[in-house]
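So you know, we letter chains A, B, ... as the sequences are listed, proteins then strands, and number each from 1. These figures come from a predicted structure and were not determined experimentally.
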There are 2 protein chains.
Amino acid sequence: MVTGLLEGTWKGGDRLTEAEAVERFGVSRTPVREALLELAGLGLVELRRNCGAVFAPFGPQEVKDLYAVRTLLEVEAARLAATRLDRDWLFQSLAAFERMREQNAADAGWREDRKLHAAIADASGNRRLAAEIGRYGDIVQLMREIVGARTLGDIHSTTVNEHLAILHAIQRREPEAAAAAMRNHLEQAAESASLAAEARRRKISG
Amino acid sequence: MVTGLLEGTWKGGDRLTEAEAVERFGVSRTPVREALLELAGLGLVELRRNCGAVFAPFGPQEVKDLYAVRTLLEVEAARLAATRLDRDWLFQSLAAFERMREQNAADAGWREDRKLHAAIADASGNRRLAAEIGRYGDIVQLMREIVGARTLGDIHSTTVNEHLAILHAIQRREPEAAAAAMRNHLEQAAESASLAAEARRRKISG
DNA sequence: TCAAGCTGGATTGTATACAATCACGCAAAT
DNA sequence: ATTTGCGTGATTGTATACAATCCAGCTTGA
């Protein structure tokens with residue numbers, strides 16, 4: 001439902017009333033309203049009363065802004081995780097990482113990627129920080145739906161190496177190295193996502 | 001409605017079903033559900049299906065975690081605002097600041113405080129960052145309802161000086177100084193809020 | 001011509017009835 | 001004694017009807 005609302009080639013500022021969504025999806029207004037409220041909470045639509053929900057713009061600039069915030073959160077989490085190193089945690093994370101490396105299937109790879117990021121977030125010891133990181137995981141996943149998952153389908157071998165660098169820095173109890181590794185990882189991801197958003201922009205306007 | 005749900009002396013883990021909320025507030029389930037969804041989006045309750053909504057714990061530790069995330073966001077916004085200084089913006093902000101200094105009434109003071117933080121967030125140039133900072137403003141305001149607004153009612157003169165330090169650092173185009181000033185400001189606020197949460201904890205358990 | 005007020009349509013906010021799902025307790029079998 | 005299965009009540013998910021609100025366009029008066 002939530003992801004369905006975002007499908008299609010809407011442009012920033014496009015309006016969608018509840019009645020239109022009802023007609024398009026064949027469900028009643030109640031779940032439509034709840035889905036719109038959820039999207040509004042994630043910052044992807046703006047609810048204006050009696051005017052319909054307006055989609056937020058979602059081009060390269062918005063992707064960059066999104067990743068800038070996500071980077072703030074996750075870099076801090078990596079720094080904290082390296083500071084409060086937990087050996088049991090590290091052992092399990094390395095095992096999960098090996099499983100991820102073996103799975104080249106795109107979907108499974110992304111699932112393991114999210115698990116790793118979530119594990120680092122939990123290891124920060126700040127539950128709200130971890131919750132926000134999870135929320136941004138949701139937003140990024142919706143973004144993949146928006147800009148087209150195909151473009152971002154594969155976990156590259158470089159991505160695997162970036163993950164390994166983060167875990168090793170945490171293992172060595174080097175907070176700044178862990179932060180830098182996480183920053184680098186997310187900058188790569190931001191670059192890739194921004195390019196995909198640019199491609200989508202051209203496809204829509206052309 | 002949203003703030004009403006949070007009133008009272010619930011402890012972390014307390015459950016509230018929709019039916020109970022309906023009975024307590026005299027409205028139907030629909031607005032109750034929407035309010036609970038909103039609170040869940042802000043991370044203040046956890047929705048478990050067929051088990052009622054469980055309140056998140058909200059003691060000193062949670063307040064510290066909350067302010068740690070808020071500090072991450074706002075410190076970065078102050079840094080960016082100092083980097084991309086806009087003189088018109090600064091002029092208006094200083095004027096608003098003077099108005100704030102003159103208003104000692106608690107409510108008006110907090111309103112101007114939020115306006116100042118929002119202005120700095122906007123000046124960062126990152127709209128999503130600004131949106132998240134606004135969201136944390138909402139969360140902190142709800143927190144004041146939870147821990148008791150009286151305890152945090154006044155804008156102290158020290159707070160005014162902290163604001164002034166931030167604006168002056170931005171005016172001097174010194175990003176790191178602006179970041180440090182913002183960090184200091186929020187650390188003071190976090191300390192005050194944490195003490196209030198501790199007082200509430202004792203009142204509830206005692 | 002312009003502005004103020006009003007009316008009709010559209011859109012959202014709320015209430016309520018019904019369907020689906022799940023948790024809890026009890027009983028029975030191993 | 002532990003576990004497995006089922007049944008019932010409780011709780012949430014969905015549909016739909018109705019009330020409130022708002023926007024646009026027209027009319028009417030100066």
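Residues from residues 34-57 of chain B that place a heavy atom under 4.0 Å from any atom of DNA chain C, listed by number: B:R49, B:N50, B:C51.
Residue pairs meeting the side-chain hydrogen bond (donor to acceptor under 3.5 Å, both in side chains) criterion with at least one member in residues 35-63 of chain B, sequence neighbours excluded, are B:Q61-B:D65.
Side-chain contact annotation: A:E132 with B:Y136, donor-acceptor N/O pair under 3.5 Å present. Counting only N and O atoms by type, the side chains of A:H185 and A:H117 include a donor and acceptor under 3.5 Å apart.
Taken to the nearest 0.5 Å, the NE2 atom of A:H163 stands 10.0 Å off from the OG1 atom of A:T158.
Regarding B:R33, its CZ atom lies at a distance of 16 Å from the P atom of C:dG13, rounded to whole Å. Between the CD atom of A:E20 and the P atom of C:dA10 there is a distance of 12 Å, rounded to whole Å. Atoms CZ (A:R15) and C1' (C:dT12) sit 14 Å apart, rounded to a whole Å. Summarising the geometry, the separation between CD on B:E18 and P on D:dT14 is reported as 12 Å, rounded to the nearest angstrom.
The environment of CZ in B:R183 is sparse: at most 12 heavy-atom neighbours from other residues, nucleotides or ligands sit within 6.0 Å.
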Are any protein N/O atoms closer than 3.5 Å to N/O atoms in nucleotides 15-19 of chain D? If there are, list each pair with its distance.
unit_1	atom_1	unit_2	atom_2	d
D:dA15	OP2	A:S28	N	2.7
D:dA15	OP2	A:S28	OG	2.9
D:dA15	N7	A:T30	OG1	2.9
D:dT16	O4	A:T30	OG1	3.4

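A salt bridge does not link B:E20 with B:R24: none of the charged nitrogens is closer than 4.0 Å to a carboxylate oxygen.
When atom types are taken as modelled, the side chain of B:S194 and the backbone of B:A190 share no donor-acceptor pair closer than 3.5 angstrom. With hydrogens and angles ignored, the 3.5 Å screen pairs a side-chain donor or acceptor of A:W89 with a backbone N or O of A:A119.
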